[in-house]
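Encoded as structure tokens, the structure appears first; notes follow it.
These numbers come from the heavy atoms of this one structure, side chains and all, not from hydrogens, waters or symmetry mates. For reference, positions follow the sequence shown, starting with 1. For ligands, and for the atoms within them, numbers begin at 1 and follow the listed sequence.
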Amino acid sequence: MSNDLTLDAARARDAADPLARWRSEFHFPVSPRGGPALYLCGNSLGLQPLRAGSEVAKFMAEWQHLGVLGYHDAGADWLKLHEQLAPTLAALAGASVPEVVAMNSLTLNLHLLMASFYRPTRERHVILIEHGAFPSDRYAVVSQIQWHGLDPATSLVQIAPRAGEQLLRHEDLLAEIERIGPRLALVLMPGIQYLTGQLLDLGVLVKAGHSVGARVGFDLAHAMGNVPLSLHDWGADFAVWCSYKYLNGGPGATAGAFVHEKHFDADLPRLAGWWGNDLTNRFEFGTEFRPYVGAAGWQVSNTPLLGMVPLKSSLELFAAAGFPALCARSRELTAWLERLLDQQMGDRIEILTPRDPAARGAQLSIRLRDTRGNGRALFDAMLARGLICDWREPDVIRLAPAPLYNSYEDCWRAVELVRDILNAATP
Ligand SMILES: *Cc1c(COP(=O)(O)O)cnc(C)c1O
């Protein structure tokens, strides 16, 4: 065995890694076999930061002691909690602070931003998505098209990988954008494709969409907090994300949105509510809606603060660890897991995710090569032995070593466990 793929080598890497210490800032679930579980599921639900519990307790105490005064109390400062999150979110998104906001949930934000950015006309009404789009995104897009009185049969175009391939090719995406041309209203693509883990070249897509006069928006559910982003410099029109995956904000945590600065003065139509009204006169209860300048102007309702407090704890960890350093660690960690998988069971397991580290994040999607194999049984055995990862129909297991809390040793143990299960199952 190549001697940098051993347990000792994994431990040596962890010991030498200055970022390994952030692991101790997180709670790990308990394995059915006792002890902490192996957790490679940050792509689905990030782990709970230790400090989130005490921050939530602190918030509850503020509510207890201050009541409604918590909104304006200098210490609690509830009215501006979203502003405390914005600098780190902006750094992760590659945006300026006013271009981002923590609000609502992902799909809701998608609807709100499509209300502003999908303005179909007789000529220009098509939305381009990928055939493998996450169901919620698909439902949102189809329902927007129908809500405008249009027919998805003519206003929705879906692009799929070529026959026999798993990944989208940029040349095909660009050709499709070119082909739809003057009919194309909106390109809506994922940052990272949830099933395969493919990271798209978002800058290239923005350029292509804009060159035919379309708007370009991104769903960054699997990209935010996972890979470096430059939404501002790319010129993306808008983006949305959830905060419970790599951002560790907790189940259903307050999500986020990006609106490019170039749209701040554009007086875009929007679906408004009082929480989007600028703080300077929100509480005058006037008849005129004067939105915040920036993404915060898309807020609608009084924010559920309990959905933001754990996110704040997690974002503090991102800020303290430094996102570029985390991304560099992530590439190394994932590449190491990849090599180990190839070496230990490359004959039995296929990796769907791009091999190029620049074309993926922390996630590796795998499946059994033998199509008669029972991937679901493998996955169930993994769970039963305390390896938490996730299963996506029809046959994909996703493993995601999150750089804030996963170790090389986690990767080594996960691969050993999978190999043991496969060996035991093979007659
Ligand atoms: C996780 C995920 C969602 C979830 O949407 P919610 O509104 O948070 O329920 C949507 N789209 C994609 C691509 C996702 O990965």
Should you measure from each heavy atom of H222, which atoms of ligand 1 turn up under 4.0 Å away? 15 (O)
Answer side chain, backbone, both or neither: which part of D137 comes under 4.0 Å from ligand 1, heavy atoms only. side chain
List the closest protein heavy-atom neighbour of atom 15 (O) of ligand 1: residue, atom name, distance to the nearest 0.1 Å. K245 NZ, 2.5 Å
Report yes or no: is the cationic atom of R13 (NZ for Lys, CZ for Arg) under 6.0 Å from the centre of the six-membered ring of Y408, at an angle within 45° of the ring normal? yes
Within the structure provided, determine whether L173 and L200 are in side-chain contact (heavy-atom separation under 4.5 Å). yes
Tell me the nearest of Y244, W241, Y194 to atom 9 (O) of ligand 1, using heavy-atom distances. Y244
Give the atom numbers and elements of ligand 1 that come within less than 4.0 Å of a heavy atom of T107. 5 (O), 6 (P), 7 (O)
Considering non-hydrogen atoms of the protein only, which is the closest contact for atom 3 (C) of ligand 1, and what is the distance? F134 CE2, 3.5 Å
Centroid-to-centroid, F59 to W78, below 6.0 Å? yes
OG1 of T196 to CG of L168, rounded to nearest 0.5 Å, is 7.5 Å
Salt bridge (charged side-chain N to carboxylate O under 4.0 Å, His left out) between E338 and R360, intermediate numbers included: CA-CA 12 Å; E338 177 187 38; R360 68 186 184 203; 2.9 Å; yes
